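On a predicted model such as this, the values are computed, not experimentally measured, just so you know. Just so we're on the same page: letters track the sequence lines, and every chain starts at 1.
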2 protein chains.
Amino acid sequence: MKRNDTACDCNIIHRDVVDRVSKTMPREETLYDLAELFKVFGDSTRIKILCALQQQEMCVCDIAALLGMTQSAISHQLRILKQARLVKYRREGKVVYYSLDDEHVSNIFAQGFAHVSHR
Amino acid sequence: MKRNDTACDCNIIHRDVVDRVSKTMPREETLYDLAELFKVFGDSTRIKILCALQQQEMCVCDIAALLGMTQSAISHQLRILKQARLVKYRREGKVVYYSLDDEHVSNIFAQGFAHVSHR
DNA sequence: ATTACATATGAATATATGCTCATATATTCA
DNA sequence: TGAATATATGAGCATATATTCATATGTAAT
């Protein structure tokens, strides 16, 4: 039987299926970005921060106090959330206030909650 | 100034905010589960598998061929997706067909796409 | 039974990542 | 200018994780 030409150790059982699905797959880069986005959601500290910010904007210190974690740990995580464009910030004197940057955050949360709830 | 009583190295600047948000936070366990769920979405191989299965059910070999990866790697990832209740399977002779197990998957995907697209 | 094939899985390795610690930067106030 | 405070960040460490390799399991056909 003929081996396929990809870097895979399997025979293709259903070539038609593979070919058809292959055509519908989004660009590699898009899927990578998507995984990177969900990776940001995939940490309980960041989830907690996002969850808190859904209620209202908060400063770094207060988030740290809320979660019982160090300012440094929170600041590191906020940087990741910032890079993912999930939070934005505004400075007011020495204090930096963070808030959600995107309406999709709530939607993604809602779907996630729905999944972990119904079982 | 008074230090807070949590394991945090910050002063609480806005005690009212922290107290109020604290009351709205879901249970620790729920947030942990939520992070665990998103962690599953946070890998490009698993994202690709889920994306493919959105089109139709597929067997392990064909997924491996589609993604150009080994059967073993795909099988390991399918186990993780199975444990997260994101995919289900049916056996037909030697072949095991996987498909999406949950309508939330598509919704979570859609929101994720929306986020990574609009920029 | 034996062979072939599709899939599953345990161990090992390489890489990624979250937190800590120390320190830097930014802003305010005296 | 100097001290105090809020935040940011680089390095290091401990842990988690994705893939590979070898092998086990399950099913069908001869």
Shortest side-chain distance from A:Thr70, nucleotide among C:dT20, D:dA8, C:dA6: C:dT20
So which heavy atom on A:His115 is nearest to which on B:Arg85, and how close? CE1-O, 3.5 Å
If you compare every side-chain N and O of B:Ser75 against the phosphate oxygens of C:dT7 (OP1, OP2), does one of them come in below 4.0 Å? no
Have a look at B:Tyr98 and say if it touches a base, only the backbone sugar-phosphate, or nothing, with a 4.0 Å heavy-atom cut-off. sugar-phosphate
Mind checking whether B:His104 and B:Phe109 have ring centres under 6.0 Å apart? no
Base, sugar-phosphate alone, or nothing: which one does A:Tyr97 contact when heavy atoms must sit under 4.0 Å apart? nothing
Check whether any side-chain N or O of A:Arg46 sits under 3.5 Å from a backbone N or O of A:Lys48 as a donor-acceptor pair, and report yes or no. no
Any A:Thr45 side-chain N or O less than 4.0 Å from OP1/OP2 of C:dC19: yes
Please confirm whether the shortest side-chain N or O distance from A:Gln77 to OP1 or OP2 of C:dT17 is below 4.0 Å. no
Should D:dT27 form a Watson-Crick or G-U wobble pair with both distances under 3.5 Å, which nucleotide is its partner? C:dA4
What is the nucleic acid contact for A:Ile80, judged by heavy atoms within less than 4.0 Å: base, sugar-phosphate only, or nothing? sugar-phosphate
A:Ala73 vs B:Ile13, nearer the 5' end of DNA chain D by closest nucleotide: B:Ile13
With a 3.5 Å limit on both atom pairs, tell me what C:dT27 is paired to, counting Watson-Crick and G-U wobble, or say none. D:dA4
Near-parallel close stack of B:His76 and D:dT19 base (under 5.5 Å, under 30°): no
Toward the 5' end of DNA chain C, which comes first, B:Arg79 or A:Glu92, by nearest nucleotide? B:Arg79
With a 4.0 Å limit, can you tell me whether A:Arg46 has a side-chain N or O closer than that to the phosphate oxygens OP1/OP2 of C:dG18? yes
Under 4.0 Å between a side-chain N or O of B:Lys39 and OP1 or OP2 of D:dT17? yes
For the backbone of B:Val87 and the side chain of B:Asp102, can you confirm whether one donor and one acceptor N or O come within less than 3.5 Å of each other? no
